[in-house]
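Please read the structure below before turning to the comments.
Positions are given from 1, in the same order as the sequence printed here.
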Amino acid sequence: MTVFVIVAILVVLVLAYVASVERRIRRYRSNTAASRQLVTVELDRRYVQLEPLIASIESSGMDQDAVRQLVGARSWSKAVRERGLGLTSQAAAENALSVAVHAVLAESDRHPKLKSNWAFQGPAGDLETTEKRIAGAVRVYNDNAYRLSLLRTSFPSKYVAKALKVTTPEPFVEHVDLADDETPENIAA
């Protein structure tokens, strides 16, 4: 009788653990999908906000190389997204666009016309806020993706994840492939 009770308790504990892991997996899947959607919304917002910014600086006398880099980075970013090239490629394109946006904003500080031009300052302020929101959304997405992949690879939850056919989500980061003779120490030098 006591053996039966012990086995029953163990079975109940295992089933409770499996149910707990299943709830966590479903929650992390949902959170990962929602945070990925948030990243997309913020990126779309940035594309819309770039239009008035670019229009206001084209006639300002600002360095046209910075403007061309911004327009080119925006086009590359849109093309990568539209072709669905994956999060690594998209992260690279979005990082290039962020760098171009920050370069234009830094360059604008040196132009007195732009400092007093509300047609520029309004979109520039909105864009700075959106850049921060994008960074936060990407951080949240990557955290959720990491948690889900951790559940997928850690013992014993990996068996429940395998039964639920969980795939590891791709992080929203740009990967740098190093050649055999390149090490991070050599690149920094």
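In this structure, the side chains of Arg74 and Leu97 come closer than 4.5 Å at one or more pairs of heavy atoms. Put simply, the side chain of Leu87 reaches to within 4.5 Å of the side chain of Tyr141, judged on heavy atoms. Under the 4.5 Å side-chain criterion, counting only non-hydrogen atoms from C-beta, Leu38 is not in contact with Val140. Inter-residue side-chain proximity for Ser108 and Phe120 is flagged as met; some heavy-atom pair is nearer than 4.5 Å. With contacts defined as side-chain heavy-atom distances shorter than 4.5 Å, the pair Val71/Arg68 does not qualify.
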>> Apply side chain to side chain contact (heavy atoms under 4.5 Å, CB included) to residues Val104 and Ile54 and explain how you reach the verdict.
In response: CA-CA 10 Å; Val104 165; Ile54 292 170; over 6 Å; no
>> Run the side chain to side chain donor-acceptor pair (under 3.5 Å) test on Glu42 and Thr130 for me, step by step, so that the C-alpha distance in whole Å, both residues' side-chain angles and the decisive distance to 0.1 Å come before the verdict.
In response: CA-CA 7 Å; Glu42 294 301 330; Thr130 300; 4.9 Å; no
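Note that the CD1 atom of Ile57 and the NE2 atom of His111 stand 9.5 Å from one another [nearest 0.5 Å]. Atom CG of Leu148 sits about 11.5 Å away from atom CZ of Arg27, to the nearest 0.5 Å. Here the straight-line distance linking atom CG of Asn31 with atom CZ of Arg24 works out to 13.0 Å at 0.5 Å rounding. The structure places CD of Gln90 at 11.0 Å from CD of Glu82, a figure rounded to the nearest 0.5 Å. Between Ile25 atom CD1 and Arg152 atom CZ the span is 10.0 Å, to the nearest 0.5 Å. A distance of 4.0 Å separates CZ of Arg81 from CG of Asp44, quoted to the nearest 0.5 Å.
Contact between Ala119 and Asn117 at its shortest, heavy atoms only, is N-OD1, 2.9 Å. Nearest heavy atom pair, residue Asn144 against residue Ser35, reads ND2-OG, 3.4 Å. The two residues Trp76 and Ala96 come nearest to each other via the heavy atoms CZ3-CB, 3.4 Å. Here the closest non-hydrogen pair linking Glu131 and Ser98 is OE1-OG, 2.8 Å. For the residue pair Leu151 and Ser157, the shortest heavy atom distance occurs at O-OG, 2.7 Å. Of all the heavy atoms in Phe172 and Asn142, the pair that sits closest is N-OD1, 2.7 Å.
No single ILVMFWY cluster, assembled from side-chain heavy atoms under 4.5 Å apart, contains both Val48 and Leu53. The cluster map of Ile, Leu, Val, Met, Phe, Trp and Tyr, joined by side-chain heavy atoms under 4.5 Å apart, puts Val41 and Ile134 in different clusters. The cluster map of Ile, Leu, Val, Met, Phe, Trp and Tyr, joined by side-chain heavy atoms under 4.5 Å apart, puts Val160 and Tyr28 in the same cluster. Under the 4.5 Å side-chain heavy-atom criterion for grouping Ile, Leu, Val, Met, Phe, Trp and Tyr, Val18 is connected to Leu164 within one hydrophobic cluster.
Side chain to side chain, Thr88 and Glu170 meet the donor-acceptor criterion of an N or O pair below 3.5 Å. Using a 3.5 Å distance cut-off with no hydrogens or angles, the side chains of Ser77 and Tyr47 do pair a donor with an acceptor.
A salt bridge links Arg46 to Glu94: at least one charged side-chain nitrogen sits closer than 4.0 Å to a carboxylate oxygen. Ionic pairing of Glu22 and Arg26 is present here: one or more N-O contacts between side-chain nitrogen and carboxylate oxygen are shorter than 4.0 angstrom.
At most 12 heavy atoms of other shown residues, nucleotides or ligands fall within 6.0 angstrom of atom OH in Tyr159.
Thr40 places a side-chain N or O within donor-acceptor distance of the main-chain N or O of Arg36, the cut-off being under 3.5 Å.
Val5 pairs in a side chain to side chain contact (heavy atoms under 4.5 Å, CB included) with only one of the listed residues (Val3, Ile9, Val7), which is Ile9.
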